[in-house]
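Have a look at the structure below before the remarks.
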Amino acid sequence: MIRAFIDREQEMLDAADAIEEGIASGQLQLIPPQPDEDDDTGVTAVEGRLLVRRALARERDPKLRRLKIKQARQGGRPLRCEVCDFDFAQAYGPLGEGYIEVHHVTPLHASGTRSTRLDDLACLCANCHRMCHKNRPGESWRTPDALRALMHTSAPGSAQAASTTAS
Ligand SMILES: [Zn+2]
Ligand SMILES: [Zn+2]
């Protein structure tokens, strides 16, 4: 019991440190709480938000981000969301050129501190990134693969509708 509390407290402190570092270095912008994240469920919600922010702070390591983007663009490939193919440059022109969010596929709170390989990272649009991190009670974060599968099953005829209305 006490052991569990201590572990948890250390995790919270680590999260707070990571957030402060992230803010100090300008790499972490504060994300305003979303309506469905109101913490009337207590510690769990707060912890969830802290963990999301800690993950985002780590994900914004500029070197990793640069390397991952370089890898994704190898051979002149367009920089797209790995889940939904959204292309910021296509949607926003020069403003979106080179923009993508870089996500840890294995949640950092599950893996702990470790050196990240580029294969552990995924390039995602802001929407898919949020959906990967969205925390629901009893559920862990979903992988980009799981999110892609979920999108295809839950958007009725999304792929079909696109192909039939395109003509
Ligand atoms: Zn996406
Ligand atoms: Zn992420």
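Worth knowing before you read on, the calculation uses all heavy atoms, side chains too, and leaves out hydrogens, waters and symmetry mates. Atoms within a ligand are numbered from 1 in the order they appear, just like the ligands themselves.
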Partners meeting salt bridge (Lys or Arg N to Asp or Glu O under 4.0 Å) with R65 (sequence neighbours left out): none

What are the protein N/O/S atoms, named by residue and atom, that sit under 2.8 Å from the Zn ion (ligand 1)? C81 SG, C84 SG, C125 SG, C128 SG

Please tabulate, for the side chains in residues 143-151, all donor-acceptor contacts under 3.5 angstrom to protein atoms that are two or more places apart in sequence or on a different chain.
from, atom 1, to, atom 2, distance (Å)
T143, OG1, A146, N, 3.1
D145, OD1, R148, NH1, 2.9
R148, NE, E82, O, 3.2
R148, NH2, E82, O, 2.8

N/O donor to acceptor pairs below 3.5 angstrom from side-chain atoms of residues 70-78, sequence neighbours left out:
from, atom 1, to, atom 2, distance (Å)
Q71, OE1, K68, NZ, 2.9
R73, NH2, E97, OE2, 2.6
R77, NE, Q74, O, 3.1
R77, NH2, Q71, O, 3.2

Tell me if a side-chain donor or acceptor on R142 pairs with a main-chain N or O of M131 at a distance below 3.5 Å. yes

I'd like to know if the Zn ion (ligand 2) has an N/O/S atom from H103 within less than 2.8 Å of it, counting both backbone and side-chain atoms. yes

Residue pair Y99 / E101, side-chain donor-acceptor N/O under 3.5 Å: yes

Check: W141 side chain, C132 main-chain N or O, donor-acceptor pair, under 3.5 Å: no

